[in-house]
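What follows is a set of notes on a single structure, which appears directly below.
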2 protein chains.
Amino acid sequence: MKRKRIPQTTIARLPLYLRYLLKLARKGLRIISSYELAEHVGTNAAQLRKDLSYLGEFGTRGVGYDVAELIRQISKCLGLTKEWKIAIVGMGKLGPALLGYKGFEQEGFKIVAIFDKNPKKIGKKMGNLVVSDVTNLKEVIEKVGGVDIGIITTPASVAQKVANQLIDAGVRAILNFAPVTLGVPSNVVLRQVDLTTELQILSFHLT
Amino acid sequence: MKRKRIPQTTIARLPLYLRYLLKLARKGLRIISSYELAEHVGTNAAQLRKDLSYLGEFGTRGVGYDVAELIRQISKCLGLTKEWKIAIVGMGKLGPALLGYKGFEQEGFKIVAIFDKNPKKIGKKMGNLVVSDVTNLKEVIEKVGGVDIGIITTPASVAQKVANQLIDAGVRAILNFAPVTLGVPSNVVLRQVDLTTELQILSFHLT
DNA sequence: AATTTCTTGTGAATTTAGGCACAAGGCTAT
DNA sequence: ATAGCCTTGTGCCTAAATTCACAAGAAATT
């Protein structure tokens, strides 16, 4: 097949496949069919096979997919072979919750710096990190040897300013929880997680 | 025009339009053009106009849109004219963070019950609610007169079980933060917020 | 070796979403 | 009035995503 660009929607599904595959691997399962995997991820077999076909041909016809091989290939595609360094800005309610979330480290995401602007929080120890002053964001990030992903958990009013600071400090990917649409240059990747929006979408469907 | 079904993608953008419109209204602005509104929401004018055209014709050619009227129409479309009642299950790290988030109540989402299974947490007061035993989920939800939306912030291992309990208690919409793909009947709306997935998508784009 | 039984991989068709470009319509000024 | 200027609303075309349906290939069986 002529290999094409991987669609956005496929990329968004790969992590779900990976998660279930890891679960299967822990259970000791070695082979899985497109049918069964799709079932557990809430999609259909045709979609799953097409998704995987963008990465290559890993299945065995008449048999299924080798779990370990698929894990390897998806991980490689998603760039999960290296450890990514993360900074969290905003230690209100959500920031500490994310900091304490075990899932990240397990998947190769390491939080290396945390920031706030409240003097009462700066210098405090949270987890095994110390809260830095957001004013020194660039210097702190340089001191830890750079950061790959910035997570914004500040109030909406300062989120754009924080995003600019992160970008200025060399951060190329941002995950924003603040309820505001951020503007970033095209060489920076931005993902938005918006709780109110999610609830409003649910509200629409309930109506 | 023949009115058609509103696309999923449009529905997901309406909350973003609404948020910026509310900001404009607070500033006292009364009229906005498709161009300017689109700009602030990270889309383009044609898309915005097409999105709004699914709801009706609210603009004035040569002028723009009336901010108050648009707010009214989008709110109506999203079903934001009534107050929705919410239950949060799982009072670990994330649950309390969501409970403390001011944004919900402002937008007409009221948290009316919170649950955990840890005996040390049950009975404790958080915010102005008391943590109930998840075992009694159905009865507690009945006692508060029913719940529209359930938010799951439990570990992945019990999320499906909790979802089933919520559905059994009459909940028709679920927002799941647990890192697992849930299965729900087709008359229940499900949205997934998955932090690890988001980071992995960013990782892909950084690679 | 041939046949049957699976399940993958993928062209082709279908559906859905996005964007262009311009006619339609309203406001302002002369 | 009428002309000129703006911005909306939308038909139509393009692009992206999904689904279908079947040939291709591998293992098991006769």
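Predicted, not measured: the structure shown is a model, and the values here were computed from it.
In the set C/dG11, C/dG9, D/dT10, the nucleotide with an atom closest to the side chain of A/Glu57 is C/dG9. In this structure, of C/dA23, D/dA23, C/dG19, it is C/dG19 that holds the atom nearest to the side chain of B/Gln47. Taking every side-chain heavy atom of A/Ala46 into account, D/dC20 is the closest of C/dG19, D/dC20, C/dT7.
For B/Asn44, no side-chain nitrogen or oxygen approaches OP1 or OP2 of C/dG18 to under 4.0 Å. Contact annotation: B/Gln8 side-chain N/O to C/dT16 OP1/OP2 distance is not under 4.0 Å. Contact check, B/Thr9 against C/dG18: a side-chain N or O comes under 4.0 Å of OP1 or OP2. The side chain of A/Ser34 places an N or O atom within less than 4.0 Å of a non-bridging phosphate oxygen (OP1 or OP2) of C/dT8. For the OP1/OP2 pair of D/dT18 and a distance below 4.0 Å, the side-chain nitrogens and oxygens of A/Arg13 include at least one atom meeting the criterion.
Under the 3.5 Å distance criterion, the side-chain polar atoms of A/Gln165 are matched with a main-chain donor or acceptor of A/Val134. Judged by distance alone, the side chain of A/Asn136 and the main-chain N or O of A/Glu139 form no donor-acceptor pair under 3.5 Å.
Looking at A/Lys50, its side chain has no donor and acceptor atom pair within 3.5 Å of the base of C/dT10.
In this structure, the OH atom of A/Tyr35 is 12 Å from the C1' atom of C/dC6, given to the nearest Å. Distance CG (A/Leu55) to P (C/dT8): 15 Å, rounded to an integer number of Å. Atom CZ of B/Arg49 is separated from atom P of D/dT8 by 6 Å (rounded to the nearest Å). In this structure, A/Ile6 atom CD1 and C/dT10 atom P are separated by 14 Å, rounded to whole Å. Distance, B/Leu48 CG to D/dT10 C1': 14 Å, rounded to whole Å. Residue B/Ile32 contributes atom CD1, which lies 13 Å from atom C1' of D/dT7 at whole-angstrom precision. Counting to the nearest Å, the C1' atom of C/dG9 and the CZ atom of A/Phe58 are 12 Å from each other. Taking atom CG on A/Leu52 and atom P on D/dT18, their separation rounds to 14 Å, with Å as the unit.
Within the 4.0 angstrom heavy-atom criterion, only backbone atoms of the sugar-phosphate kind lie near A/Tyr65; the bases stay farther away.
Side-chain contact check for B/Leu199 versus A/Trp84: every heavy-atom pair is 4.5 Å or farther apart.
The CG atom of B/Leu78 lies 9.5 Å from the OG1 atom of A/Thr197; values are rounded to the nearest 0.5 Å.
Sequence order on DNA chain D of the closest nucleotides to B/Arg61 and A/Thr60 puts B/Arg61 first from the 5' end.
Counting heavy-atom neighbours within 6.0 Å of A/Lys117 NZ, excluding the residue itself, gives a total of 12 or less.
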